[in-house]
S.K.: 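The structure that follows is given in the form of structure tokens.
Side chains included, hydrogens not; waters and symmetry mates left out as well; all remaining heavy atoms used.
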Amino acid sequence: MKTKIDYFDYDTLLQPTDWRFAAAVVGLCKYFDYFGIDYKVLYDVEEKPDNYIHGFDGIIYKSEDITEEKYLEFAENYFEKYMTHKNILNILESQEFSEEQIKLVNDLVKSKTVLKGLFDKIKFDGTNKDIFISTIEENRAEIIKNIFKNGNNLYKNYCNERLIFTEDNSTCRLRGYNVDKDRKTSNLGFCFSKESFESNDILEFDFIPFAFSNSDMRETYFVNNNFSVKSLTQTNYAFSNQLSSTENKDDKNKLMLVLQNSKDYISYDVEIISKSQDKAYYETFFVRLERLKKLRELSGKSLNFVKKINDDYWFNLEKEVYMRCLNNVLLDDVILMMLKFYFDDNAVKGYIKSRTDMLIDINVSWKGNEIMDEIKSAKSCGFLTSKKLIEMKSSNKINSYKQKIISALCAHDYDRTKEIILSLSAYVGMEFSFFYTFLENAEENKDLAFAFASALSEVSSKNNEENN
């Protein structure tokens, strides 16, 4: 919440009452620190402003310290690698230019509309660098503003680019919060009354892009642990640094891996805001400490498995497990998918089986069921059954029964699952000790059937014989 105050020489208080104000606080702190501008942290001052909101920290500052000139200079420095004119100026520092450098300068000019307009009739030839340097310096503010506000991974990703550094807007400038004021807005308000619609927007929301994590990622994140300004700034700094150092992963997997290693700065429930360049709105999810501990327990598990389902979807086992862990969702459907992948052409059956067995163990631990002994029994029964079928010269029955059990489980037909397992028990002349627990409550103890079906494998039987 932004509040006008009369506090010594300061006139504004910004408190992180929701994630938008929290992100604005983080962005503003970076801005003030960059210029060495004096500001106060609410929790650090003994004498508080009269009208502050209790229970929230905040920053106290002078509104006059926020100027468009400084804002653009800060944006240029913070997002320096995306500032095309800076890349051009760096090249122009040379005294002599190769053909590649000359071509690169001209290509960089063509890449930005604002630069094309300024150098419409001028082409860099290696001898006219002074013209390029002077033109960029004279129009620097305009260039920065256009590049920054129109960058798909910069301001435009977070806010309506037409509202940059504006005030008194009728709707919030943030993506997903902004409404076209020229269109009918009566349906936004209570009882279709335009006057009943309320929205808040402040200039400080322009600092939100500086609060989110790495702009080189298509999906960026902000951790809203608004216990204090110190925790906000330090957590997001550490979070962003860890994301930067995590390589060869997609954005969601990076997030999961960073959360696994975040115990030094996240030790409580937090809200995480995400903004994808592919979506015109922000998303939010809550990370519960209990689930975060479960996620950290997965750090030693090998969950590497990726499979193309269609042109638009790749199944990533690690990602599926991590997201279900955070969202407190069990792995039943993932286990069934892995069991079905076993029968795909060119499937590495032993590898899929080992990953499936691991998923079953994780699933049982998440459920809190004390059936690990029965799970081991189900796996053992599956192995011994496979071995017996091979001895009976009926190895073709292994996959046949396995498919029948998996099909019944996918249909959630537990009566049919029981019939198939009983039929197999009679066929091989073996008693399955785990079956009695499964019989008592098939829905609750379906992991026993998962484990038994996974263990039905001619490959695993041969491997186990070799190991023995």
Side-chain angles (χ1 to χ4, degrees), residues 2-5 7-14 20-21 23-41 58-90 92-93 108-109 111-119 130-169 172-175 178 200-212 215 229 233:
K2 180 179 178 180
T3 308
K4 288 295 180 183
I5 59 174
Y7 184 80
F8 300 103
D9 293 330
Y10 305 94
D11 61 1
T12 309
L13 168 64
L14 188 64
R20 297 172 302 164
F21 294 96
V25 165
V26 173
L28 266 174
C29 287
K30 293 179 180 180
Y31 169 84
F32 290 143
D33 291 339
Y34 174 75
F35 288 107
I37 296 173
D38 182 49
Y39 67 98
K40 303 292 184 186
V41 175
I59 54 174
I60 303 167
Y61 56 95
K62 304 172 188 174
S63 58
E64 65 183 29
D65 287 331
I66 301 175
T67 66
E68 185 169 10
E69 181 182 1
K70 281 189 171 68
Y71 178 80
L72 294 176
E73 181 184 339
F74 176 59
E76 181 188 41
N77 176 268
Y78 194 87
F79 295 110
E80 182 176 7
K81 68 178 178 179
Y82 305 107
M83 294 294 161
T84 310
H85 67 287
K86 293 274 287 185
N87 295 331
I88 293 174
L89 290 174
N90 289 336
L92 296 181
E93 289 179 358
L108 288 171
V109 169
S111 69
K112 299 297 178 184
T113 303
V114 63
L115 293 174
K116 280 197 294 186
L118 291 171
F119 298 104
D130 291 340
I131 296 175
F132 275 74
I133 293 173
S134 60
T135 302
I136 289 174
E137 293 297 348
E138 289 169 8
N139 299 277
R140 197 170 189 125
E142 179 190 353
I143 294 171
I144 297 168
K145 187 172 184 178
N146 276 273
I147 292 176
F148 180 56
K149 76 175 184 177
N150 293 312
N152 289 329
N153 63 331
L154 304 178
Y155 187 87
K156 187 178 181 179
N157 185 38
Y158 303 95
C159 307
N160 184 335
E161 66 273 19
R162 292 176 297 173
L163 301 180
I164 187 171
F165 222 83
T166 58
E167 296 190 79
D168 302 321
N169 296 310
C172 183
R173 70 192 66 206
L174 298 185
R175 294 288 179 193
N178 187 249
N200 53 28
D201 181 69
I202 57 174
L203 176 65
E204 285 78 358
F205 284 167
D206 273 347
F207 289 89
I208 286 177
F210 305 99
F212 275 73
S215 52
V229 170
T233 54

S.K.: Answer yes or no: does atom CG of Asn90 have more than 12 heavy-atom neighbours from other residues, nucleotides or ligands under 6.0 Å?
M.R.: yes

S.K.: Calculate, to the nearest 0.5 Å, the distance between atoms OH and OH belonging to Tyr31 and Tyr39 respectively.
M.R.: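 Here the rounded value is 13.0 Å.
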
S.K.: Does Asp11 use its side chain to pair, donor to acceptor, with the backbone of Ser63 at less than 3.5 Å?
M.R.: yes

S.K.: To the nearest 0.5 Å, what is the distance between CG on Asn200 and CZ on Phe205?
M.R.: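 Asn200 atom CG to Phe205 atom CZ measures 5.5 Å (nearest 0.5 Å).
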
S.K.: Among Asp206, Leu203, Ile144, find the residue that satisfies the side-chain contact (heavy atoms from CB on, under 4.5 Å) test when tested with Tyr71.
M.R.: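 Answer after filtering Asp206, Leu203, Ile144: Asp206.
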
S.K.: Could you tell me if the ring centre of Phe79 sits under 6.0 Å from that of Phe210?
M.R.: yes

S.K.: Between Lys2 and Phe21, which heavy-atom pair has the shortest distance, and what is it?
M.R.: N-CE2, 3.8 Å

S.K.: Using the rule side-chain contact (heavy atoms from CB on, under 4.5 Å), only one of Thr3, Thr12, Leu13 pairs with Ile60; which is it?
M.R.: Leu13

S.K.: If you look at every heavy atom in Asn153 and Tyr158, which pair is closest and at what distance?
M.R.: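 That would be O-CE1, 4.1 Å.
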
S.K.: Which pair of heavy atoms, one from Glu161 and one from Asn150, lies closest together, and at what distance?
M.R.: CG-OD1, 4.0 Å

S.K.: Any side-chain heavy atom of Leu174 sitting closer than 4.5 Å to one from Cys159?
M.R.: yes

S.K.: Start with the C-alpha gap between Glu73 and Tyr34, add the side-chain angles, then the distance that decides, and say whether side-chain contact (heavy atoms from CB on, under 4.5 Å) holds.
M.R.: CA-CA 10 Å; Glu73 181 184 339; Tyr34 174 75; 3.8 Å; yes

S.K.: Which atoms form the tightest heavy-atom contact between Ile147 and Leu154, and what is the distance?
M.R.: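 Taking Ile147 first and Leu154 second, the nearest heavy atoms are O-CD1, 3.8 Å.
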
S.K.: What closest approach, in Å, do Ile37 and Asp65 show between heavy atoms, and which atom pair accounts for it?
M.R.: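 Closest approach of Ile37 to Asp65: CG2-OD2, 3.3 Å.
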
S.K.: Kindly compute the distance separating CD1 (Ile66) from CZ (Phe165), expressed to the nearest 0.5 Å.
M.R.: 7.0 Å

S.K.: If I take atom OG1 from residue Thr166 and atom CG from residue Asp201, how far apart are they, to the nearest 0.5 angstrom?
M.R.: 6.5 Å

S.K.: With rounding to the nearest 0.5 Å, note down the distance linking CG in Asp130 to OG1 in Thr135.
M.R.: 10.0 Å

S.K.: Among Phe35, Tyr7, Phe207, Phe32, exactly one meets ring-ring contact (aromatic ring centres under 6.0 Å, His included) together with Tyr61. Which residue is that?
M.R.: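 Result for ring-ring contact (aromatic ring centres under 6.0 Å, His included) with Tyr61: Phe32.
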
S.K.: If you look at every heavy atom in Ala23 and Ala211, which pair is closest and at what distance?
M.R.: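 In this case the closest contact between Ala23 and Ala211 is O-CB, 3.2 Å.
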
S.K.: Applying side-chain contact (heavy atoms from CB on, under 4.5 Å) to Ile88 and Leu115, what does each step give before you reach the verdict?
M.R.: CA-CA 11 Å; Ile88 293 174; Leu115 293 174; 4.0 Å; yes

S.K.: Any donor-acceptor pair under 3.5 Å linking the side chain of Arg173 with the backbone of Arg162?
M.R.: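 Between the backbone of Arg162 and the side chain of Arg173 there is no qualifying donor-acceptor contact (under 3.5 Å).
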
S.K.: Decide side-chain contact (heavy atoms from CB on, under 4.5 Å) for Lys112 and His85; before the verdict, give the C-alpha distance in whole Å, the side-chain angles of both, and the deciding distance to 0.1 Å.
M.R.: CA-CA 9 Å; Lys112 299 297 178 184; His85 67 287; over 6 Å; no

S.K.: Evaluate the criterion side-chain contact (heavy atoms from CB on, under 4.5 Å) for residue pair Tyr10 and Asp38; output intermediate values, then yes/no.
M.R.: CA-CA 10 Å; Tyr10 305 94; Asp38 182 49; 2.2 Å; yes

S.K.: With rounding to the nearest 0.5 Å, note down the distance linking CG in Asn160 to CZ in Arg175.
M.R.: 5.5 Å

S.K.: Side chains of Thr113 and Asn146: closer than 4.5 Å at any heavy-atom pair?
M.R.: no

S.K.: Under a 4.0 Å threshold between the charged nitrogen and the carboxylate oxygen, would Lys145 count as salt-bridged to Glu142?
M.R.: no

